[in-house]
Protein chains: 2
Amino acid sequence: MSHIMIRINRELLQYITELQDSGITCETYGPGEEIIGQKKRVLSVRIVKSGIVKCYLTEDNGNDFIQEFFGEGEIFGEIEVLNGNPSFCALETITDTEVCKIPGDRFGELLQTDKKFNELILKALASKVHYTAIRHSYHQSHAIEDNLLRLKKQFPRLIDVIAKRDIANYLGVTLRSLNRTINGMRNKGI
Amino acid sequence: MSHIMIRINRELLQYITELQDSGITCETYGPGEEIIGQKKRVLSVRIVKSGIVKCYLTEDNGNDFIQEFFGEGEIFGEIEVLNGNPSFCALETITDTEVCKIPGDRFGELLQTDKKFNELILKALASKVHYTAIRHSYHQSHAIEDNLLRLKKQFPRLIDVIAKRDIANYLGVTLRSLNRTINGMRNKGI
DNA sequence: CATAATATGGGACAAATGTCCTTTTTCATT
DNA sequence: AATGAAAAAGGACATTTGTCCCATATTATG
C-alpha cells in the first residue's frame, strides 16, 4: 500500500504469477503505447507485471482527466468485462510495461472456480472504490498546493517520472495553474 | 440505470428481498439519522430497501464532500467488510429509510456459497467504480453550470428533494457559488 | 547535424469561485 | 400567533484558477 498515487497490488501480482494457466499470456509495450482505447470493447482483463500505465478519460470538451496510475499488480479491464460495457477510460503506458492478459471468458471461469482469485478480485475492486473516493474528496476540498504536497509526500520522484501535463490532468487543473503553484511553493521554500 | 445521481440497483434489491435468510434483518430510520459514522468499525453490510441515504466524508479542513446518494438496492459497508478497514464515509439518511442488514460474517459466507450473490456484488462494485470515475471526471473538467444542468437532466426533482447545501457538497463547491450559478441560469432563462 | 515536434515556463488579463457577513424565508415548536 | 433555529439568498471583495499567447528548453527523427 506504499505510494498511493501509483497504485500497486502485490498480492494479486504474486497470485497471478504463480498461477500456471495456459490461457494467460504476456504482452510487452514501449512507453506511450495505447493498450485499450476509450469506448472500445474490452475482451480481456489485464494485470500490470511491471511498468506504469495511465488510465484516463477524454471529456467532450477535450479535457483529459487521469483516473489512476497503475503500477505492479494493478488490474484493469475487469470493470468492463464484468458488466459488459465498452471501456470508459483509455489505457496508455508511461514507461516500458509488461502485462498479463486474461481473456474475458477465462476471467469469468476463474472467478467461479478459484475462491482465492475471486476474493482477490473482490478486494481489488473494493480497494479501487476506496482510494478513488478518498482521492477525489481530497482534490475537491483542497487547493492545488495541498494536493501537490500530498502527492510529493506519497511519491517523491513524482516530477521526474510523470510529465507535468499528466500531473495537471491527474489533479484536474490546467498546466498553467500547476506551474504557478509550483512557483509559489519554490518562493516559499517548500 | 435511470437517474444516476441517486444510485439504484434493482436486481440486487430483488435478489435480497427474495432470499429467505434468517441472518438478514431489517432496520428503519427517520430523516437525518446517522447509520454509520466516519472512521467507525463496520460490522455489517447494508442494502437500501427504500429511501435515500447520503454517503459523505468530512475532510480535515471541515469540508464535507458527498460521494454518493444511495437509493433502492444500493449497498454500503461492503468495502469496509471486505478489506477490514474502518468506514471512510459517514452514512446519513435524507428521507425515511428502510435497509436490510447483513452481518459481516454472513456476507462472507454468502459470497462463498451463493454464486448469484457473488456475481451481483462483483457487478455492484464494478458499477461503483464506473460511475464514480465518470462523475468525478465530469465534475473536474466542467463548470458548475454544466454540472447542474447534468444533474437536473438526470433527476429533475433534484432541488425539491436534496438540500442546497448537499447539492453543493456533492459538486464540491461552496453554497455561495452554487447559488450564484443558479441565479445566473435563471437570468439566462435556463 | 538540422529541423520539427513536444515539454516546460511564464506574463497579462479575464473569469470563476471562495470568504465573510447580513438579510430574508421557511418551518417546526411552544 | 410568537419565537427561534435552520435553510436559502445574496452583496462586496479577495483569491484562485483559467485563457491566450509567446518564449525557451528538450527530445525525437529524418
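Both backbone and side-chain heavy atoms feed into the values below; hydrogens, waters and symmetry mates do not. On a predicted model such as this, the values are computed, not experimentally measured, just so you know.
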Centres of the A/H136 and B/F65 rings: under 6.0 Å?
no
Distance in angstrom units between B/N169 CG and D/dA8 P, rounded:
12 Å
On DNA chain C, more 5' by nearest nucleotide between A/K164 and B/H142 is A/K164
Rounded off to whole Å, could you give me the CD1-to-P distance for the A/I182 and C/dG9 pair?
7 Å
Output yes when at least one side-chain N/O atom of B/S177 is less than 4.0 Å from OP1 or OP2 of C/dT17, else no.
no
Between D/dT16 atom P and A/D146 atom CG, what is the distance in whole Å?
11 Å
Between A/K115 and A/E119, does any NZ, NE, NH1 or NH2 come within less than 4.0 Å of an OD or OE carboxylate oxygen?
no
Quick one: is C/dG9 close enough that its OP1 or OP2 comes under 4.0 Å of any side-chain N or O from A/N179?
yes
B/N183 side-chain proximity, nearest of D/dG18, D/dG10, C/dT8:
D/dG10
Tell me which one of A/R150, A/K188, A/R180 satisfies side chain to side chain donor-acceptor pair (under 3.5 Å) with A/E145.
A/K188
Check the distance between C/dT8's P and A/L178's CG and give it to me in whole angstrom.
10 Å
What's the CD1-C1' distance between B/I159 and D/dA7, to the nearest Å?
14 Å
Please work out if B/L175 contacts a base, only the sugar-phosphate, or nothing of the nucleic acid, heavy-atom cut-off 4.0 Å.
nothing
Starting at atom CZ of A/R186, determine the distance to atom C1' of C/dT8, rounded to an integer number of angstrom.
11 Å
Hey, could you give me the CZ/CZ distance between B/F76 and B/R7, rounded to the nearest 0.5 Å?
14.5 Å
Mind calculating the distance between CD (A/E145) and C1' (C/dG18) to the nearest angstrom?
17 Å
Given C/dG10, D/dT17, D/dG10, identify the nucleotide with an atom nearest to the side chain of A/I144.
D/dT17
Distance criterion of 3.5 Å, no angle test: do you see the side chain of A/R180 paired donor-to-acceptor with the base of C/dG9?
no
Less than 6.0 angstrom separating the ring centers of B/F117 and B/F107, yes or no?
yes
With nearest nucleotides of DNA chain D determined for B/I162 and B/R176 from heavy-atom distances, which residue corresponds to the more 5′ nucleotide?
B/I162
Separation of D/dA8 atom P from B/D160 atom CG, nearest Å, is 11 Å
Compare the minimum distances between each of D/dG10, C/dT19, C/dT8 and the side chain of B/T174, then state the nucleotide with the smallest one.
C/dT19
